Protein chains: 2
Amino acid sequence: MGHTRWLNEEEKRAWTAFTTAHALLYRRLEQQLKRDFGLSGLQYEILARLSGAPDREMRMAELACALVNSKSGLTYQIGQMEKAGLVRRRSCPSDDRAVFAVLTDEGMALLERAAPSHVDTVRELLIDVLTPEQVRALADGLGEASRRMAAGPGEASPPAAGEAACSGAEAVADRGA
Amino acid sequence: MGHTRWLNEEEKRAWTAFTTAHALLYRRLEQQLKRDFGLSGLQYEILARLSGAPDREMRMAELACALVNSKSGLTYQIGQMEKAGLVRRRSCPSDDRAVFAVLTDEGMALLERAAPSHVDTVRELLIDVLTPEQVRALADGLGEASRRMAAGPGEASPPAAGEAACSGAEAVADRGA
DNA sequence: GTGTTTCGATTCAAATTTGAACGCGCCGCT
DNA sequence: AGCGGCGCGTTCAAATTTGAATCGAAACAC
């Protein structure tokens, strides 16, 4: 409970650059995806995740977790995408509660058409702007931060009951084939 | 129009770590702010920006731009915050179209109460997880990326008419006093 | 001075997101 | 068997976000 260590200049720069860069880049990607393929950013990510999963399918909760999204939000989007024929729902034989979201061929095809420009943009606006060392710093530093946050609520709180924190096998995520 | 250079393993790690870390951290911050102070993430950012601005006031468009948010979205939020007494609207004497959002004393007080835990969390979950070199890499690399994206739509398109890209003096943004 | 174009903010309807219930099936225990 | 705790996905209402109009005021050109 000490007096809060404020961020120094460089830390402040890092934090604002982090949030700003994310916002700007994400907005660009969304505009592009919507304009060229009628996809929202979330929908693209869903396609990408599923494409990298074992049978091109994942359970709802697992997917929601991987995307850092709420369950109800995912239910909604999968509904939209199902209407559009991009994914299909399949109930699990061994567990009647579970539902798999399955990537359809049509969904896969759309992802393959959308992926190139998406990756081009990520590269042009982010990756290629960074030095190789900076890329490594992001991968290592932010990777570690993600891992810790995904693990549990920071504090030394015993796993407690009720929340099981995301597990999931970290699909590769970006690239559609 | 080449064949799209896909991301290699490390680049992929960097990109997913970037988006995942952002999503996880932002979600934490939102929960905390909402639970402890009844603020959304956007509202906190509005308070923070205004607190760092010249007279604790900014024009709507300038603020929207700084926050990488739509104008209509900002209108809505400022409306909410005005009801709550956190900000006030002031019309500009020299330009009847313009509107300033002004931080009230009450808003400032709330920010000062909220800032410590906010910064503590950012530090605990991100900054302190990174090495000093990684912090610098974020500040430099992502700072550069932000600058370029804020400038203009990448392409070598002549400024064109209609959009003037964000200008604005990059207020410090984080810290409430 | 008019007419036109651009800018600044708001409005409005539609789409999405959020979080708290809810319904139901799995599990372990007695 | 029967019971209670939970996990999984969905539902629902409320809050928010989005983007295309809209309205009025400035800036410019003629």
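Letters go in sequence order (proteins before strands), and every chain restarts at 1. Treat the numbers as computed from the prediction; the structure is a model and nothing was measured.
Taking 4.0 Å as the cut-off between side-chain N and carboxylate O, Glu30(A) and Arg27(A) do not count as a salt-bridged pair. In summary, Glu144(B) and Arg148(B) engage in a salt bridge, as defined by a charged side-chain N under 4.0 Å from a carboxylate O. Electrostatic pairing of Arg136(B) and Glu133(B) does not count as a salt bridge here, judged by no charged N lying under 4.0 Å from a carboxylate O.
Near DNA chain D, defined here as any heavy-atom distance below 4.0 Å, the residues from residues 69-83 of chain A are Lys71(A), Ser72(A), Thr75(A), listed numerically. Of the residues in residues 85-103 of chain A, those lying under 4.0 Å from DNA chain C by heavy-atom distance are Asp95(A), Asp96(A), Arg97(A).
In this structure, CE in Met149(A) is found 7.5 Å from CZ in Arg28(B), a value given to the nearest 0.5 Å. In this structure, the separation between CZ on Arg147(B) and CG on Leu142(B) is 10.5 Å, given to the nearest 0.5 Å.
Between Leu33(A) atom CG and dT18(D) atom C1' the separation is 16 Å, expressed in whole Å. As a whole-Å value, the separation of Lys34(B) NZ from dT17(C) P is 16 Å. If you measure from atom CZ of Arg35(A) to atom P of dT18(D), you get 17 Å, rounded to the nearest angstrom. Spacing between atom CD of Glu45(A) and atom P of dT17(C) amounts to 11 Å, rounded to whole angstrom units. Separating the CG atom of Leu42(A) from the P atom of dT18(D) is a distance of 13 Å, rounded to the nearest angstrom. One can place CG of Leu39(A) at 17 Å from P of dT18(D), the figure rounded to the nearest angstrom. Between Met60(B) atom CE and dC7(C) atom C1' there is a gap of 15 Å when expressed in whole angstrom units.
The aromatic rings of Tyr44(B) and His118(B) sit parallel to each other, their planes meeting at less than 30°, with 60° as the upper class boundary.
Scored by the side chain to side chain donor-acceptor pair (under 3.5 Å) test, Arg123(A) finds Asp128(A), Glu11(B) as partners (sequence neighbours excluded).
Side-chain atoms of Gln43(B) and Leu86(B), non-hydrogen and from C-beta on, never get closer than 4.5 Å to each other.
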